[in-house]
Amino acid sequence: MKNNEGWGAQRWAIHLSQLLNATNPPDRYRFDVGVLAKDISKNFFPGDPIMEVIGVDLEDCEGALQPSLSGEKWGIYYSTNCSPERQRFTAAHEFGHYLLHRKRYPQGFRSDEAAVDGRTKDDIEREANEFAATLLMPLDDFRRQISAKCQPNFDQLSACATRYDVSLVAVILRWLRYTEQSAIIVVSRDGFMKWAWSSEPAFKMGRYFKTSGSPIEVPLLSCVGRAKFDEQVRAGVQQPAGVWFDEPVREFSVRSERYDLDYTLLHLRSAAAHVDLVEPHVEDTYDRFA
Amino acid sequence: MSTALAKKIRELRQKRGYTLEKLGELTESSKSYIWELENKSPPRPSAEKLQAIAKVLGVTVDYLIGSETPEDLQTAEDRAFFREYQRMSPVLKAKLREMRKLLDDKA
C-alpha cells in the first residue's frame with residue numbers, strides 16, 4: 001500500500017479516477033459513490049472505515065460526515081431534500097472530508113449548500129469540493145466534452161450533467177473554474193441574486209457580483225429581470241451594452257420551477273479582446289463569493 | 001440557506017399574493033430588505049418590524065419566530081460539533097447522535 005499521508009484533493013481524486021479507469025465499468029462516469037467510498041476506505045484505512053453512505057432528512061444541511069461514538073467507524077449522510085444528482089455530489093464531498101480532513105477534525109463535518117459547491121471562504125470546504133468535482137468530472141474527459149476556449153450553451157452543459165450524473169450547477173461551476181472565457185453564472189430568485197460566480201478571466205476584468213453584501217437586483221432589462229423564459233432565451237440572447245455591463249453580453253436564462261430559482265449564464269467578450277485594457281488584478285479571489 | 005423565519009415570510013407573502021414591493025410598502029420597508037429577510041440571514045428584525053410584518057401577513061409574531069433557537073441556548077458541544085452549521089433542530093441533532101451510537105454496531 002502506498003503512503004498516502006498528506007495527499008491533497010487532486011492527488012486523491014486522480015488516484016481514484018485511475019483505479020476506476022483501470023476497472024473500466026460499463027457506465028464509467030456514473031459510478032456509485034457510496035460503494036466506492038466504502039471499498040476504498042476499507043482497503044486504505046481498515047482502522048476506521050466508512051460503514052454507511054445513506055440519505056437522511058438533514059433539514060437545511062446538505063451533507064454530513066460523522067464518526068461512531070468509538071471513533072473507529074464513519075458514516076456519510078446526504079440530504080434527501082434535493083435531486084439525486086446533488087445527493088451524489090454531496091456524498092463525494094463528504095468522502096473528500098473523510099480522506100483529507102478527518103484526522104484534523106475527528107468530530108466530523110456538517111456542510112451546507114454553499115460549502116458543497118465550494119462557494120465559501122473556508123479552505124476545508126473548498127478542498128472537499130475540489131475533490132468531489134475532480135473525482136466526478138475528471139478534467140481530461142471534461143475538456144474533451146467542452147474545451148476551455150468554447151462558449152457552451154445550456155444544452156451542451158446539460159449533456160455533461162447527464163454524462164457525469166451531476167447537477168447542471170456542478171457542471172457550470174466545474175467549467176467556470178478552468179475556462180479561458182469570460183463567463184458568469186447568476187442564480188436568482190424574485191429578481192435578486194442569491195449568488196453568482198465568475199470565471200477567472202471575467203473576475204480579472206472586474207466582471208463579478210459581490211452577493212455577500214446588500215442584495216443585488218438582476219438588471220430590469222435582462223431576460224431574467226423581465227421573467228422572460230422561453231426557448232430562445234434558453235438558447236442565448238444577445239444583450240446590448242448597458243443591460244448587464246457596459247459591453248454586450250450573451251445571456252442564457254432558464255427557470256427551475258423545482259427549486260424556485262432562476263439560472264443565468266452570461267458570456268462576455270473573449271478574454272483576449274480585453275488584454276490591452278487591464279491592470280493585473282490584486283483583489284482577493286474571495287470577493288467573488290456569495 | 002434560509003431559516004424557518006425566512007420560509008414563513010415568503011410563503012405567507014406569496015399566499016396573500018403580495019409582491020416584494022407590496023409587502024415592503026405595507027411594512028414601511030424596502031423591497032430589498034424584504035428579499036433579504038426571505039433569502040439571507042440578516043440580523044433578526046426589530047420587534048416593531050416583526051410586528052408590522054406579522055400583522056400584514058395575518059399571523060402572530062410568535063408564529064413567525066416560533067421554532068428559532070436563540071444563539072445563547074446552544075450548547076458548547078453543539079457549537080464545536082456543528083462548526084458552521086448550527087441551525088439544526090434539536091430533533092435532528094438527537095437523531096444524528098443516535099446514529100453515531102448505532103454506527104459502532106455495523107459490521
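The model shown is predicted, which means the values in this text are computed figures rather than measured ones. Every chain is numbered from 1, with letters handed out A, B, ... down the list of sequences.
- Nearest heavy atoms, A:D57 versus B:K95: O-NZ, 3.8 Å.
- Minimum heavy-atom separation, A:T211 to B:K40: O-NZ, 2.7 Å.
- Using modelled atom types, one side-chain atom of B:R100 and one backbone atom of A:P67 make a donor-acceptor pair closer than 3.5 Å.
- Interface remark: A:I216 contributes no atoms to any contact with chain B (heavy atom separation under 4.5 Å).
- The shortest side-chain heavy-atom distance between B:L92 and A:V56 does not fall under the 4.5 Å cut-off.
- Comment: B:D105 does not engage A:K73 in a salt bridge, judged by the lack of any side-chain N to carboxylate O separation of less than 4.0 angstrom.
- Around the NZ atom of B:K55, the shell of radius 6.0 Å holds no more than 12 heavy atoms that belong to other residues, nucleotides or ligands.
- Counting heavy atoms from C-beta outward, A:F192 and B:E36 have side chains that stay 4.5 Å or more apart.
- Side-chain contact between A:Q66 and B:L103 is absent, with no heavy-atom pair separated by less than 4.5 Å.
- Surrounding NZ of B:K22 are at most 12 heavy atoms belonging to other residues, nucleotides or ligands under 6.0 Å away.
- A salt bridge is defined here as a Lys NZ or Arg NE, NH1 or NH2 lying under 4.0 Å from an Asp or Glu carboxylate O, and A:D190 with B:R10 meets this definition.
- Between the side chain of B:D104 and the backbone N or O of A:L69 there is at least one donor-acceptor pair closer than 3.5 Å.
- B:W35 has its side chain out of reach of A:E217: every pair of non-hydrogen atoms, C-beta onward, lies at least 4.5 Å apart.
- Nearest heavy-atom pair across A:P215 and B:S32 is CG-O, 3.5 Å.
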